[in-house]
Amino acid sequence: EPCRAVCSQAPCCGKLYACRLCHDGAEGHRLDRFRVSEVQCARCRLLQKAQQRCEGCHSLFGEYYCGICHLFDRDKQQYHCAECGICRCVRGGRAPPRPAPGREGPAPPDAFLLRIGPKEDFFHCSKCNLCLSLSLRGKHKCIENVSRQDCPICLEDIHTSRVGAHVLPCGHLLHRTCYEDMLKEGYRCPLCMHSALDMTRYWRQLDDEVAQTPMPTEYQNMMVEILCNDCNARSTVQFHLLGMKCKNCDSYNTAQDGKCRLSLEEQ
């Protein structure tokens, strides 16, 4: 929620708005927050230079004020990250939902939810070009400038979004809300098809289902080459309609690579 005690004067059109999002929605063009130089006090209507407290009636415009981004807000343990180029503030979030029936697996750790603030709990990854929880230092897969890419589900910006981001094990980012919606339909990263959460428990359940579900006679000796989406290993395994297990990492997140099918008698 923007601070309603002050309105910023847009440098592009000269109009006053309580927040940049209100401006962008009404005007059809974007407000450059970094060029804001004047604000108007909502109490005494004095137009003045951008600052934290009104020079006329001394009203506090915001518990938090950034002189670079010209952000006025309640204190949410925000901080300005010079490398990100914007203020980072707390992202409220609930635990993501469980996957759809038939795709159960343990929920991902909170460390993968990008909730910003306070500053001492985060570090800026120079390769990924975003702020991450200290619990991810040395434990996440870096992808260069990943935060500058759009969300692959909604195709909207991630870096400056007010919606928190979720870091997948493969290193790709999704909006937290998009990630939650994705888990209702599947479990794989939409960009690289890597499993988006720990599926170990479900793979073991699938082991039991495969063992208890014999294939028709004509398929019992059929072999097929597969490619694992989780470890990228290729292997030749027995064909099964419920799934084909990677011999390298035991994942069922695999796909037939289309090279050949061989019966056991022909090998």
Side-chain angles (χ1 to χ4, degrees), residues 81 83-84 86 88-117 121-206 226-234 243 245-246 248-255:
C81 176
E83 291 87 351
C84 286
I86 58 175
R88 291 300 193 182
C89 47
V90 169
R91 308 290 194 186
R94 60 188 184 278
R98 308 296 289 181
R103 297 186 173 92
E104 291 84 355
D110 285 345
F112 288 107
L113 288 174
L114 189 60
R115 300 171 185 164
I116 303 300
D121 290 342
F122 290 81
F123 75 100
H124 184 89
C125 176
S126 57
K127 185 172 183 179
C128 295
N129 206 1
L130 80 161
C131 291
L132 293 170
S133 168
L134 285 176
S135 62
L136 288 179
R137 189 189 291 272
K139 299 178 182 178
H140 71 284
K141 182 176 180 179
C142 289
I143 297 179
E144 193 160 357
N145 284 326
V146 67
S147 71
R148 301 309 199 271
Q149 300 173 9
D150 291 339
C151 174
I153 292 181
C154 68
L155 304 181
E156 297 290 338
D157 176 63
I158 290 180
H159 184 67
T160 61
S161 175
R162 299 179 73 191
V163 179
H166 185 92
V167 186
L168 299 180
C170 58
H172 292 119
L173 294 183
L174 305 176
H175 287 122
R176 175 177 50 81
T177 50
C178 292
Y179 171 75
E180 293 170 356
D181 289 340
M182 182 196 74
L183 287 186
K184 298 174 184 177
E185 303 294 335
Y187 63 90
R188 296 185 292 192
C189 170
L191 291 177
C192 67
M193 305 303 286
H194 192 284
S195 295
L197 67 166
D198 184 0
M199 297 292 290
T200 303
R201 188 173 65 183
Y202 177 59
W203 297 154
R204 301 296 74 79
Q205 293 174 359
L206 199 51
I226 60 171
L227 173 65
C228 180
N229 291 317
D230 287 338
C231 70
N232 296 319
R234 282 183 165 84
K245 181 177 177 179
C246 173
N248 184 58
C249 69
D250 293 335
S251 168
Y252 279 91
N253 182 11
T254 61

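For the numbers below, each heavy atom of this structure counts, side chains included, while hydrogens, waters and symmetry mates do not.
With values rounded to the nearest 0.5 angstrom, L197 atom CG is found 8.0 Å from H166 atom NE2. Atoms CE and CG, from M199 and L206 in turn, are 9.0 Å apart once rounded to the nearest 0.5 Å. Annotation: the span from C170 atom SG to N229 atom CG amounts to 11.0 Å, rounded to 0.5 Å.
Applying the side-chain contact (heavy atoms from CB on, under 4.5 Å) rule to E144 yields the partners K127; only residues at least two apart in sequence or on another chain are considered. Residues satisfying the side-chain contact (heavy atoms from CB on, under 4.5 Å) criterion with I143, sequence neighbours excluded, are V146, Q149, H172. Under the side chain to side chain donor-acceptor pair (under 3.5 Å) criterion, S251 pairs with D230, sequence neighbours left out. Not counting sequence neighbours, the partners of D157 by the side chain to side chain donor-acceptor pair (under 3.5 Å) test are T160. With sequence neighbours left out, R137 forms a side chain to side chain donor-acceptor pair (under 3.5 Å) with no residue at all. Remark: N129 pairs with H124, N145 by the side chain to side chain donor-acceptor pair (under 3.5 Å) rule, at least two apart or across chains. Residues satisfying the side-chain contact (heavy atoms from CB on, under 4.5 Å) test with M182, not counting sequence neighbours, are I153, L174, Y179, P190, A196.
The shortest heavy-atom contact between W203 and S195 is CZ2-OG, 4.1 Å.
Residues C131 and F123 are not in side-chain contact: their nearest non-hydrogen atoms beyond the backbone lie 4.5 Å or more apart. Taking 4.5 Å as the limit, every side-chain heavy atom of V167 sits out of range of all side-chain heavy atoms of K141. Within the 4.5 Å cutoff, the side chain of L130 has no heavy atoms near those of the I158 side chain. Side chains of C125 and H140 form a contact here, defined as non-hydrogen atoms less than 4.5 Å apart.
One finds no salt bridge joining K184 and E180 here, because no Lys/Arg side-chain nitrogen approaches an Asp/Glu carboxylate oxygen to under 4.0 Å.
No side-chain donor-acceptor contact under 3.5 Å links H194 to the backbone of N253.
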Inset, instruction - Could you please spell out the steps behind the side-chain contact (heavy atoms from CB on, under 4.5 Å) verdict for T254 and K245? - result: CA-CA 7 Å; T254 61; K245 181 177 177 179; over 6 Å; no
